Amino acid sequence: MDYPKAQFLADSEIRRIAIDEGRVVVTKDEDFADYFWAKGSPPRVLLVAMGNIKNNDLIDLFEANLDEILQFFEHDREMVIFNATNLVVY
C-alpha cells in the first residue's frame with residue numbers, strides 16, 4: 001500500500017498502520033511512548049532517546065545495536081528505549 005510521506009500522517013494513522021501491518025514504530029516522539037503506556041498501542045515502539053546527535057553517530061549506534069534490538073522485538077518485547085548508552089526493554 002502506498003502512504004503519504006510520514007511527516008504528513010497523523011499519529012493515529014501511524015498507529016493504525018503499525019497495528020494493521022505488524023510494524024514497529026521507530027520514533028523520537030515521546031507521544032508514542034506515552035500512548036503505548038496508556039493504551040498499549042501501537043504494539044511495538046522503538047523510542048530513540050538520543051537528544052541532539054550527529055547523523056553519523058546515530059547511524060553508528062544503530063549499526064552497533066540493531067541485531068539486539070531486532071531480537072527483542074522477535075521475542076515479543078513491545079517497547080525498547082534506545083539511548084546513547086543502553087537499551088531499556090519492556
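Values in this document were obtained by computation on a predicted structure and should not be read as measured data. Each residue takes its place number in the sequence, starting with 1.
- Under the 4.5 Å side-chain contact rule for hydrophobic residues, Phe73 and Val26 share a cluster.
- Pro42 and Phe36 make their closest contact through O-CD1, 3.2 Å (heavy atoms, listed as atom of the first residue, atom of the second, distance).
- Residues forming a side-chain hydrogen bond (donor to acceptor under 3.5 Å, both in side chains) with Asp11 (at least two apart in sequence, or on another chain): none.
- Tyr35 and Phe32 are members of different hydrophobic clusters when ILVMFWY side chains are connected at heavy-atom separations under 4.5 Å.
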Would you tabulate the side-chain donor-acceptor contacts of residues 43-67 under 3.5 Å, counting partners in other chains and residues two or more places apart, or write 'none'?
from	atom 1	to	atom 2	distance (Å)
Arg44	NH2	Gly22	O	2.1
Asn65	ND2	Leu61	O	2.8

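- Among residues two or more places apart in sequence or in another chain, the side-chain hydrogen bond (donor to acceptor under 3.5 Å, both in side chains) test is passed with Asp34 by none.
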Show me the donor-acceptor pairs within less than 3.5 Å that the side chains of residues 74-90 make with the rest of the protein, sequence neighbours left out.
from	atom 1	to	atom 2	distance (Å)
His75	ND1	Gln71	O	2.7
Asn83	OD1	Thr85	N	2.9
Asn83	OD1	Thr85	OG1	3.1
Asn83	OD1	Asn86	N	2.8
Asn83	ND2	Asn86	OD1	2.9

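- With hydrophobic clusters built from ILVMFWY side chains whose heavy atoms lie under 4.5 angstrom apart, Ile69 does not share a cluster with Val25.
- Residues satisfying the side-chain hydrogen bond (donor to acceptor under 3.5 Å, both in side chains) test with Asp20, not counting sequence neighbours, are Arg16.
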